[in-house]
Amino acid sequence: MRIGIIGTGVAGSLLAEALLDAPGMSVTAYERVARGEHAEAGTGLNVGPNALKALRLHRPVRHAALREASLPWRRWFVDLTDGTRLLDLDLLDLAEEPGMRIRWSELYRLLRAPVAGCTRSGHTLEALEEDAAGRLVPVFRTASGLVRDGGFDLLVGADGRYSRLRALTCGEPEGTLLGVCIWRLLVTEAAECPYDDYGQWFRGNARLLSFRVPGGAVYIAGTFPLGPDAQVTEAMKTEAAQRALFTPQDAPPCPAVAWMLDKVTAHLPEIHWARSATVPLLRHDPTGRALFLGDAAQAMVPTLGQGATQAVECGVVAGTVLRRGGSVREIAARRDPRVAFVRDFSLEASDTLVSGTDAVAGARAKASPAFLAKLRRTYTDIA
Ligand SMILES: Cc1cc2nc3c(=O)[nH]c(=O)nc-3n(C[C@H](O)[C@H](O)[C@H](O)COP(=O)(O)OP(=O)(O)OC[C@H]3O[C@@H](n4cnc5c(N)ncnc54)[C@H](O)[C@@H]3O)c2cc1C
């Protein structure tokens with residue numbers, strides 16, 4: 001069986017590694033970025049305990065490598081920007097092991113290393129053709145022009161939120177915006193940072209989120225509600241606008257927020273601005289010749305840090321099923337109910353970010369037994 005994987009991000013790299021020595025299978029991965037170029041995402045992320053559990057059970061060597069390159073994500077506290085505490089969770093009350101905090105470049109480097117031998121870098125999927133046997137033939141743009149590499153029994157779209165394979169086989173999906181802007185920044189001169197593990201700071205529905213990552217760096221993400229036109233304007237991207245969003249009305253910002261706002265001022269041009277959005281869940285094309293994993297299948301809002309986390313679960317589960325001769329429909333049956341639950345829960349947990357909701361009540365409600373039961377299910381209930 002000839003399998004082609006488009007994209008060696010999170011899901012694609014893990015799937016390729018799982019299939020490397022699978023009997024009767026030949027695997028080639030295609031990646032648009034050049035070999036050794038891992039910094040394109042540029043920031044940090046928190047990966048949920050469920051991804052670590054999946055790796056521990058199915059890919060222990062990868063689990064050990066990622067643990068070594070990351071810091072444990074053990075705590076989740078929520079404050080107001082004046083420092084008033086609203087919530088403080090210990091993830092080990094809900095999960096079997098901590099999550100992790102890691103730099104994107106490190107995550108990609110460690111996941112791509114074991115599959116370098118079967119990866120063709122600098123290959124961007126552009127079009128699809130079909131051979132005489134009815135197999136899909138991907139057409140790639142490379143530095144030396146368009147390249148074809150023959151037909152595949154199965155093509156896997158692990159090419160992220162704007163999946164070209166999904167668009168070519170099933171049409172461009174229509175995204176749904178949450179109505180929230182999200183920006184992110186990696187600060188590398190962070191010795192004076194007054195906090196360590198994962199925290200959030202609210203002023204109204206505007207929220208800062210931050211934590212330390214290895215290498216003495218700190219990841220900071222800001223979110224704030226957008227107007228009815230859902231546009232992120234240049235006026236929103238100024239120091240004054242960001243300070244106004246997060247500075248408490250009647251008190252000075254707490255030391256953590258004051259530190260973050262100074263970093264925003266110093267690094268404004270490096271901030272990456274985006275809008276939170278979801279696309280409809282789709283696991284494969286109608287013929288079963290194209291399978292979608294990670295964001296290509298299920299892009300979700302990043303509120304619970306489950307995007308890359310679910311991409312890990314996708315890569316691990318799809319690898320296990322395909323290795324023993326299972327079908328794309330079996331992967332759909334194993335993944336889709338789980339993904340639907342996590343996506344719905346991520347949206348539910350975004351209540352505090354959306355214009356006009358009571359962020360204080362919403363943050364406190366995250367200590368309720370009902371919310372914690374869903375968080376426990378998210379962190380432990382892997383396939
Ligand atoms: C602001 C923000 C913050 C986030 N924070 C978190 C977080 O804290 N925790 C978390 O778990 N998730 C987070 N996410 C989500 C996370 O980024 C994604 O869910 C995750 O990267 C998806 O993994 P993937 O393997 O599906 O795709 P990706 O990691 O995006 O990998 C796709 C790969 O495909 C390649 N590619 C793309 N197009 C082509 C093409 N045409 N041809 C060939 N190759 C191609 C890309 O170069 C890339 O290597 C966040 C997302 C955003 C936007």
Side-chain angles (χ1 to χ4, degrees), residues 4-16 29-35 37-52 70 73 76 99-105 107-109 111-112 115 119-128 138-142 147 155-168 178 180-186 198 209-211 213 219-223 271-279 292-316 318 339 342-343 346 378:
I5 299 173
I6 315 298
T8 55
V10 179
S13 299
L14 283 167
L15 176 65
Y30 300 90
E31 171 54 53
R32 74 176 165 197
V33 303
R35 189 172 300 275
E37 193 186 294
H38 307 303
E40 70 275 17
T43 55
L45 80 166
N46 53 303
V47 173
N50 41 315
L52 278 301
S70 65
W73 172 27
W76 173 9
M100 67 174 174
R101 296 172 272 147
I102 192 164
R103 290 168 82 138
W104 264 112
S105 49
L107 179 67
Y108 277 169
R109 187 180 68 77
L111 295 181
R112 286 172 178 164
V115 297
T119 301
R120 305 220 166 129
S121 303
H123 281 58
T124 303
L125 175 69
E126 192 156 302
L128 272 184
V139 182
F140 298 98
R141 179 156 298 283
T142 69
V147 166
L155 272 187
V156 181
D159 47 347
R161 181 172 281 261
Y162 305 102
S163 169
R164 183 80 179 140
L165 184 65
R166 178 166 170 174
L168 290 168
L178 181 64
V180 166
C181 175
I182 177 160
W183 57 254
R184 47 197 165 135
L185 173 68
L186 188 73
Y198 181 99
L209 176 163
S210 189
F211 48 85
V213 289
Y219 170 66
I220 310 175
T223 63
I271 289 180
H272 178 276
W273 305 82
R275 292 179 296 175
S276 268
T278 57
V279 297
F292 311 119
L293 298 179
D295 275 10
Q298 66 213 18
M300 61 185 78
V301 293
T303 312
L304 289 176
Q306 283 289 318
T309 306
Q310 288 301 314
V312 168
E313 286 193 29
C314 270
V316 166
V339 166
V342 173
R343 275 164 54 107
S346 295
T378 301

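This is a predicted model, so every value here is computed, not measured. Sequence positions, counted from 1, serve as the residue numbers for this chain. For ligands, and for the atoms within them, numbers begin at 1 and follow the listed sequence.
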Engineer: Against ligand 1, does Q310 come closer than 4.0 Å with any heavy atom?
Structural biologist: no

Engineer: Any sub-3.5 Å donor-acceptor pair from R164's side-chain atoms to E126's backbone N or O?
Structural biologist: yes

Engineer: Within a distance under 4.0 Å of any heavy atom of I6, pick out the atoms of ligand 1 and give their elements.
Structural biologist: 42 (N), 43 (C)

Engineer: Which of the atoms in ligand 1, numbered in the order shown and given with their element, are less than 4.0 Å from a heavy-atom of R112?
Structural biologist: 49 (O)

Engineer: Hey, does F140 sit under 4.0 Å from ligand 1 if you only count heavy atoms?
Structural biologist: no

Engineer: If we only count N/O pairs under 3.5 Å, is Y108 in contact with ligand 1?
Structural biologist: yes

Engineer: Does ligand 1 come near enough to G305 that some N or O of the ligand is less than 3.5 Å from an N or O of the residue?
Structural biologist: yes

Engineer: Any N or O of V47 that comes nearer than 3.5 Å to an N or O of ligand 1?
Structural biologist: no

Engineer: Does ligand 1 come near enough to A311 that some N or O of the ligand is less than 3.5 Å from an N or O of the residue?
Structural biologist: no

Engineer: Quick one: which ligand 1 atoms are inside 4.0 Å of a heavy atom on A11?
Structural biologist: 25 (O)

Engineer: Got an N/O contact under 3.5 Å between R184 and ligand 1?
Structural biologist: no

Engineer: Regarding ligand 1, does G307 bring an N or O atom to under 3.5 Å of one of the ligand's N or O atoms?
Structural biologist: yes

Engineer: Quick check: does Y219 get an N/O under 3.5 Å from an N/O on ligand 1?
Structural biologist: no

Engineer: Looking at ligand 1, would A274 count as a contact under a 4.0 Å heavy-atom criterion?
Structural biologist: no

Engineer: Is any N or O atom of W104, backbone or side chain, closer than 3.5 Å to an N or O atom of ligand 1?
Structural biologist: no

